[in-house]
Amino acid sequence: MPRRKLLIRDLTLRDGQQSLFATRMTQEQVDRVLPYFKDAGFYAMEVWGGAVPDSIMRYLSENPWERLEKIKAAIGDVSLLTALSRGRNLFGYNPYPDEVIEGFNRNAVRSGIGIMRIFDALNDLDNMRSTIKFVKENGGMADCAISYTVDPKFSTRQKFQSWVHFKTLPHDIFTVEYFVEKAKELEKMGADMISIKDMAGLITPTTTGELIRRLKEEVSVPIDFHTHCTPGFGLASVLMAIVSGVDIVDTSIWNFAGGPAAPAFELIQYFADRMGLDTGVNRDAVAKINRELKTIREELAQFDTCPKIPLEFDFTKDKLSREINRQFTKAIYMAKHCKEDELLEACREIESYFQFPEPDETVRKAEIPGGMYTNMLAQLKQLRLDQLFPRVLELVPLVRIKSGCPPLVTPTSQIVGVQAVNCVIDENKGQPFFTTKSIQYVNLVKGIYGKTPIPIDPDFREQLTGVREETAYDTRNYKKQENTIFEDYGDMKLAQNEKEELLLELFPTVARDFLTKCVEERYTENIYLIEEEKRRKRDEARAAYERLTPEEKFKRIEKGLYNFPWLSYPEEDLGRS
């Protein structure tokens, strides 16, 4: 009887390096591991989208399209390449018109993307509709992701004072039922697979089990589970997803795993072996990738957000201790019997043994993404107001509820976080909340980014934005970025083709700087090539002249056939008759 398949989506080259090293892997570093990835045979590899296009232009002066195409050339059809896209918003805040969305997805698929993971920060499915359509029309698979989040957590004092802001505090918003209904709607919209995307790592094993079981019962397309290890649930929740029948899980390879990143593939492979599951992954190739990743991690040390490197361990040959073997067995048993505390305890023992980072208790307690937490703190430190951070954490739930309770996922997590800091600054100055407000928060409340999970109070919307009714972004007002012509560089255009035009549309400031450098390099290269061609022709003419007899040279000079200043004619030649 064939073993049950457990498919693995490897995140190392996108989410892994983004979570740990601010997306600073160079093309040269990527190239070093690609031959081993081809041998590894993962079901899918996430290699593009997210912060990759922006970061490699901004910090590495590399072309995002070239990176994708080089990876595709190296991997071929062994693994499906996947990218992350924010639906109608693609990589920005405001929605784009259909022609930009179609152009981006068409070029992404043609350049190598087999699966486009599509999400919306508000879980507004209308914002995903056009991307699903264009991905499928161009031959790609639409992986529709639901952004996982939890309800705001209020203190006793906030609940008592809630009458100041609300009649009653909303609750039971992000239930299992909420996510299941979203999945069913996405399947009707044409999703080829559904992903639970838990970028903050907040989903507990118990909720994971309940959600995956419901999805497997009520949705017919494959289910993928994606989470992070920041608050300490990651490994246990992935195991619970596997026990509950999930089709695909997302992992990173050992040296790019744990902490803010996803759980390590190698740990999941140990669980799969004990449960008789077939991942289809070549372990020897993974071990080779991991050895190279250790070197690359050392090279990226200045960007490492989690300098605690896991224990050096080769899972193809190194033996586990009896105690750790027992913890693997215990974890599986506890997952199958839905005993969350014991499951978490066993997984924590495993991660501690292999020296993966400890859970971030502050993030776990605050129930907000780690990036949001650190950004708010950095914002206050810059203003020398970090002593007000506890108050900011207290206001996050209120700011979130006032704006329709958006999921805390990029970019809404940052929008809510910045506004919570602004509210504390207002309070510190003796001003009313929302005196200081970011344009992004105003746009969120106005409706520019889409429909929020719960309705926004019209009075609050009018107070903040000047309009009572939800106002969607009108793409008819969209203005295409100017494609500058450089007269000093031979009338060369800033963007030379559709792919470069798309970079300019999606990343106006960063792409303009990057493409300007490209224009300068192309012009310099063209001048060099022109000069090289001139030199080649002069050399050919010189060689032809030197092959002539003196009489032939003189006759040609007389006829004006040679008029090159570099030619020197011996006096005896010129004196011949």
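Just so you know, these numbers use all the heavy atoms, side chains as well, and skip hydrogens, waters and symmetry mates. Computed from a predicted structure; not experimentally measured. Counting begins at 1 with the first residue of the sequence.
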Legend entry - Chi angles and distances behind the salt bridge (charged side-chain N to carboxylate O under 4.0 Å, His left out) call for Asp278, Arg4: CA-CA 6 Å; Asp278 179 16; Arg4 172 190 152 196; over 6 Å; no
Inset, instruction - Report yes or no: do Asn375 and Gln379 form a side-chain donor-acceptor pair below 3.5 Å? - result: no
Legend entry - Test ring-ring contact (aromatic ring centres under 6.0 Å, His included) applied to Phe104 and Phe134, Phe91, Tyr96, the passing residue: Phe91
Legend entry - Side chain Arg14, main chain Gly50, donor-acceptor under 3.5 Å: no
Inset, instruction - Give a yes or no on this: more than 12 heavy atoms of other residues, nucleotides or ligands lie within 6.0 Å of atom CG of Asp318. - result: yes
Legend entry - Pair Lys330 + Glu342, salt bridge at N-O below 4.0 Å: no
Legend entry - Partner set under side chain to side chain contact (heavy atoms under 4.5 Å, CB included) for Glu185, not counting sequence neighbours: Leu125
Legend entry - Heavy-atom side-chain proximity of Ile368 to Val416 below 4.5 angstrom: no
Inset, instruction - Inspect the contact between Asp314 and Lys319 and indicate whether a charged nitrogen and a carboxylate oxygen are less than 4.0 angstrom apart. - result: no
Inset, instruction - Applying salt bridge (charged side-chain N to carboxylate O under 4.0 Å, His left out) between Glu218 and each of Lys184, Lys182, Arg213, report the one that passes. - result: Lys184
Legend entry - Lys451 atom NZ: more than 12 heavy-atom contacts under 6.0 Å: no
Inset, instruction - Examine distances only and state if a side-chain atom of Thr175 and a backbone atom of Asp172 form a donor-acceptor pair shorter than 3.5 Å. - result: no
Legend entry - Any side-chain donor near an acceptor of the partner, Ser195 and Asp143, under 3.5 Å: yes
Inset, instruction - State whether a side-chain donor-acceptor pair under 3.5 Å links Ser220 with Glu187. - result: yes
Inset, instruction - Establish, yes or no, whether a centroid distance under 6.0 Å links the rings of Trp254 and Phe315. - result: no
Inset, instruction - Tell me, yes or no, whether the heavy-atom count around Lys365 atom NZ, taken from other residues, nucleotides or ligands under 6.0 Å, exceeds 12. - result: no
Legend entry - Close side-chain approach of Thr316 and Lys288, heavy atoms under 4.5 Å: no
Inset, instruction - Check the side chains of Asp120 and Tyr449 for a donor-acceptor pair under 3.5 angstrom, ignoring hydrogens and angles. - result: no
Inset, instruction - Applying salt bridge (charged side-chain N to carboxylate O under 4.0 Å, His left out), run through Glu137 and Arg106 and close with a yes or a no. - result: CA-CA 8 Å; Glu137 283 181 355; Arg106 170 169 42 81; over 6 Å; no
Inset, instruction - Please examine the side chains of Val418 and Gln440, heavy atoms only from C-beta on, and report whether any two atoms are closer than 4.5 Å. - result: no
Legend entry - Any Leu81 side-chain heavy atom under 4.5 Å of Ile71 side chain: yes
Legend entry - Asp284/Lys317 salt bridge by N-O under 4.0 Å criterion: no
Legend entry - Side chains of Cys144 and Phe119 in contact at under 4.5 Å (non-hydrogen atoms): no
Legend entry - Heavy-atom side-chain contact between Val30 and Lys70 under 4.5 Å: no
Inset, instruction - Check whether more than 12 heavy atoms from other residues, nucleotides or ligands sit under 6.0 Å from atom NZ of Lys136, and answer yes or no. - result: yes
Legend entry - Check: Tyr373 ring centroid to Phe389 ring centroid under 6.0 Å: yes
Legend entry - From OG1 (Thr82) to CE (Met193), nearest 0.5 Å: 9.0 Å
Inset, instruction - Mark yes or no for whether Thr23, through its side chain, and Ser55, through its backbone, hold a donor-acceptor pair below 3.5 Å. - result: no
Legend entry - Spatial distance of atom CG (Asp224) from atom CG (Leu215) [nearest 0.5 Å]: 11.5 Å
Inset, instruction - Report yes or no: does Glu292 contribute a side-chain atom to a donor-acceptor pair with the main-chain N or O of Val33 at less than 3.5 Å? - result: no
Inset, instruction - Indicate yes or no for a side-chain donor-acceptor contact from Glu46 to the backbone of Leu84 under 3.5 Å, with no hydrogens or angles considered. - result: no
Inset, instruction - Answer yes or no: is there a donor N or O on one side and an acceptor on the other, between the side chain of Glu62 and the main chain of Gln27, under 3.5 Å? - result: yes
Inset, instruction - Would you confirm whether Glu181, through its side chain, and Glu177, through its main-chain N or O, come within 3.5 Å as a donor-acceptor pair? - result: no
Legend entry - ring-ring contact (aromatic ring centres under 6.0 Å, His included) between Tyr148 and Phe174, worked out: CA-CA 8 Å; Tyr148 181 82; Phe174 300 109; 8.3 Å; no
Legend entry - Donor-acceptor pair, side chain of Arg297 and main chain of Asn255, under 3.5 angstrom: yes
Legend entry - Distance in Å, Phe21 CZ paired with Cys306 SG, rounded so as to fall on 0.5 Å steps: 8.5 Å
Inset, instruction - Indicate yes or no for a side-chain donor-acceptor contact from Asp10 to the backbone of Phe42 under 3.5 Å, with no hydrogens or angles considered. - result: no
Inset, instruction - Report yes if the side chains of Pro357 and Cys229 come closer than 4.5 Å at any heavy-atom pair, otherwise no. - result: no
Inset, instruction - Check the pair Arg348, Glu358 against salt bridge (charged side-chain N to carboxylate O under 4.0 Å, His left out), reporting the backbone distance first and the verdict last. - result: CA-CA 8 Å; Arg348 187 61 243 145; Glu358 299 290 322; 3.6 Å; yes
Legend entry - Residues, nucleotides or ligands: over 12 heavy atoms within 6.0 Å of Tyr36 OH: no
Inset, instruction - Classify the side-chain pair Glu340/Thr206 by whether it contains a donor and acceptor separated by less than 3.5 Å. - result: yes
Inset, instruction - Please confirm whether the backbone N or O of Ile173 pairs with a side-chain atom of Asp151, one donor and one acceptor, at under 3.5 Å? - result: yes
Legend entry - Derivation of the salt bridge (charged side-chain N to carboxylate O under 4.0 Å, His left out) call for Lys5 and Asp247: CA-CA 8 Å; Lys5 289 275 188 184; Asp247 301 286; over 6 Å; no
Inset, instruction - With sequence neighbours excluded, tell me which residues meet side chain to side chain contact (heavy atoms under 4.5 Å, CB included) with Gln29. - result: Met25, Thr26, Arg32, Ile296, Glu299, Leu300
Inset, instruction - Would you check if Ile242 and Met275 make a side-chain contact, meaning some heavy-atom pair closer than 4.5 Å? - result: yes
Inset, instruction - Determine whether more than 12 heavy atoms belonging to other residues, nucleotides or ligands lie under 6.0 Å from atom CD of Glu312. - result: no
